[in-house]
Amino acid sequence: MIEWASRPSPFSLIPVSMLMPPSVTLDKLPQEILEEILAELEYDKVTLNNLGLTCHALCTGTRSHRFPAITLHDQNFVAFMKLTYLTPWNTIVPSIRRLRLGNRMFSLSHCQSRDWCDSLLSPNLDFTGWAAQFGYLSTLDLRDAAWSRLPSCFTIAICSLRVDHLVVLIKNTLEFETLTNTILPTMRPKTLTMSGPSWANTSLPLPPSNPVGTGPCCIHYMQLDRNTKEFQRHLIDWLRNANTPTSITYLYIEMFKGMEELALAELLPLMSPIHLRLKLPSDKTVLTDFEFPVAGLSDLQTLQISSIYNDLTLAHAHVQQFFEVDEHVSPDILVVSRLLKQFSVLQNHLRHIQLDSICPHTNLIFGDIPEIFSTSYPLLNSLSLTVKRGRRTDRDSLAAWLTNGPFAMLQSRGVKLKIKAAAPDPMLSLP
């Protein structure tokens with residue numbers, strides 16, 4: 001009789017390799033799963049760099065996540081061109097999705113090889129083959145590149161790029177005529193952003209993945225300020241002479257003294273934006289007699305009003321001779337109240353409003369704004385309030401104030417209310 005202890009295991013005759021679970025090698029891992037893993041690591045550059053050094057498959061797979069956005073400037077331009085221009089059809093350039101051209105890219109002050117830099121300045125150099133490598137480029141940002149100072153051979157290559165979204169800064173680095181007569185007809189982007197300086201506009205609304213527009217180029221974002229006065233006539237003529245109507249999604253206006261010079265009554269009907277943001281000036285007295293031409297905003301759905309200056313003591317000294325000022329109410333409240341009354345004629349299609357830092361976080365007094373919303377905006381769907389971070393601006397304190405504050409009547413009517421402490425220059429927060 002065989003003892004149980006001495007009996008052979010039923011698995012003893014099976015090879016060990018059959019008992020172990022099969023190992024999943026990289027070549028057997030589905031490509032979409034690998035892409036999801038690498039996408040999760042896009043902001044972990046150290047891990048991505050280490051993965052790229054392990055094998056050829058991961059080296060190729062990680063490059064689209066290691067180099068999704070490149071900024072070229074005088075410190076790295078020569079090194080980048082040596083790596084990409086002298087090595088045609090490399091695997092780095094096709095991985096770039098967003099390209100931003102900085103300033104002084106062709107400067108000789110930071111070049112290690114003067115011969116190479118002199119060749120870059122040669123008017124006979126052909127960059128079109130280098131530009132053709134950007135096969136998957138989606139966004140080109142020209143805000144920091146002085147177009148007139150770039151060699152013609154380089155600008156020709158840049159115009160040959162095919163991008164979905166183009167970002168420019170008019171007047172400071174690019175003339176409006178150059179944009180409309182040279183860049184747009186040759187590059188043919190799907191969407192266009194005419195922004196302010198990159199240091200002032202650190203974040204812009206994300207361009208649509210599938211731009212919808214009736215014209216050849218949909219203007220996704222446009223900024224109007226005091227600098228716009230210098231090319232406003234060209235802008236009006238361009239919009240008016242477009243073969244098909246041009247649609248504008250986001251319009252941002254930095255209000256200033258002399259707003260009448262912007263000819264908004266003539267501009268707005270040609271733009272018909274969907275989202276409008278107004279940034280109040282530091283001196284509120286410049287808006288004392290200003291009437292906003294709301295008649296040209298037939299498609300407006302959201303309105304955002306932002307303030308950058310709401311110190312009660314200093315602000316009252318500026319406006320007390322123009323307004324009847326309550327010492328407990330921010331002068332911004334008076335200006336915003338006046339604007340909201342003007343925009344109330346759009347109540348049938350104006351559904352979302354956001355007010356940014358129009359009163360200090362230590363004094364959440366909104367004057368007659370709650371009453372204006374109750375009586376003049378019966379179809380309002382949502383209201384967002386942002387305040388600067390400070391004492392008692394945590395989520396629980398702000399939520400408690402919102403529940404028991406002056407806007408509670410709107411919540412009982414079904415309006416979605418939201419308040420949060422945000423950065424000094426918050427983006428539009430849609431519901």
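Heads up: numbering here begins at 1 and tracks the sequence.
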Does any N or O in the side chain of [X] come within less than 3.5 Å of the main-chain N or O of [Y], such that one atom is a donor and the other an acceptor?
X	Y	result
R97	S95	yes
D299	M271	no
Y377	L340	yes
R100	D144	no
R351	Q347	yes
T178	L174	no
S306	D356	no
Q133	V93	no
N50	V46	yes
S272	P269	no

[X] and [Y]: side chain donor to acceptor below 3.5 Å:
X	Y	answer
H165	T191	yes
H275	Q304	no
D164	S138	no

For the residue pair [X] and [Y], categorise the inter-ring angle as parallel (less than 30°), tilted (30 to 60°) or perpendicular (more than 60°).
X	Y	answer
F176	W238	perpendicular
F366	W401	tilted
W130	F80	perpendicular
F127	Y85	tilted

Nearest 0.5 Å please: distance from the [atom1] atom of [X] over to the [atom2] atom of [Y].
X	Y	atom1	atom2	answer
L204	Y252	CG	OH	10.5 Å
T228	Q223	OG1	CD	7.0 Å
T84	L72	OG1	CG	8.0 Å
L380	F373	CG	CZ	6.5 Å
I37	E32	CD1	CD	11.0 Å
L179	F231	CG	CZ	9.5 Å

Sidechain N-carboxylate O distance under 4.0 Å for E254, R277: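 Not counted as a salt bridge, because no side-chain N and carboxylate O are separated by less than 4.0 Å.
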List in chain and number order the residues that pass salt bridge (Lys or Arg N to Asp or Glu O under 4.0 Å) with E35, two or more places apart in sequence or in another chain; answer none if no residue qualifies. none
Which residues share a salt bridge (Lys or Arg N to Asp or Glu O under 4.0 Å) with R226, sequence neighbours left out: none
Give the intermediate values and the outcome of side chain to side chain contact (heavy atoms under 4.5 Å, CB included) for residues F154 and L101. CA-CA 12 Å; F154 190 74; L101 302 184; 4.2 Å; yes
Exactly one candidate in L239, T193, L251 meets side chain to side chain contact (heavy atoms under 4.5 Å, CB included) with I219; the answer is L239
With heavy-atom distances below 4.5 Å as the criterion, would you say the side chains of [X] and [Y] are in contact?
X	Y	value
F134	L140	no
K341	D368	yes
H234	E175	no
I158	L150	no
I353	L355	yes
K190	R162	no
L303	L297	no
N49	R66	yes

To check you understand the geometry: which heavy-atom pair defines the closest contact between [X] and [Y], and what is its length?
X	Y	value
M255	L280	SD-CD2, 4.1 Å
I236	L267	CG1-CD2, 3.4 Å
M259	F290	CB-CE1, 3.6 Å
L184	P189	CD2-CG, 3.7 Å
G52	T62	CA-OG1, 3.6 Å
L51	L58	O-CB, 3.3 Å

Determine whether L410 and L417 satisfy the following criterion, side chain to side chain contact (heavy atoms under 4.5 Å, CB included), listing intermediate values before the conclusion. CA-CA 8 Å; L410 295 178; L417 298 182; 4.3 Å; yes
I'd like to know whether V163 forms a side chain to side chain contact (heavy atoms under 4.5 Å, CB included) with M187, so could you lay out the CA-CA distance, the side-chain angles of the two residues, the decisive distance to 0.1 Å, and finally the verdict. CA-CA 7 Å; V163 298; M187 190 177 296; 3.7 Å; yes
Applying side-chain hydrogen bond (donor to acceptor under 3.5 Å, both in side chains), run through S382 and H352 and close with a yes or a no. CA-CA 5 Å; S382 69; H352 314 285; 2.7 Å; yes
In sequence, state the C-alpha distance, the side-chain angles, and the governing distance for I372 and S337, and then conclude on side chain to side chain contact (heavy atoms under 4.5 Å, CB included). CA-CA 8 Å; I372 294 175; S337 298; 3.8 Å; yes
CA sep, side-chain torsions, deciding dist, call: K229, E260, salt bridge (charged side-chain N to carboxylate O under 4.0 Å, His left out): CA-CA 10 Å; K229 297 184 298 182; E260 296 80 5; over 6 Å; no
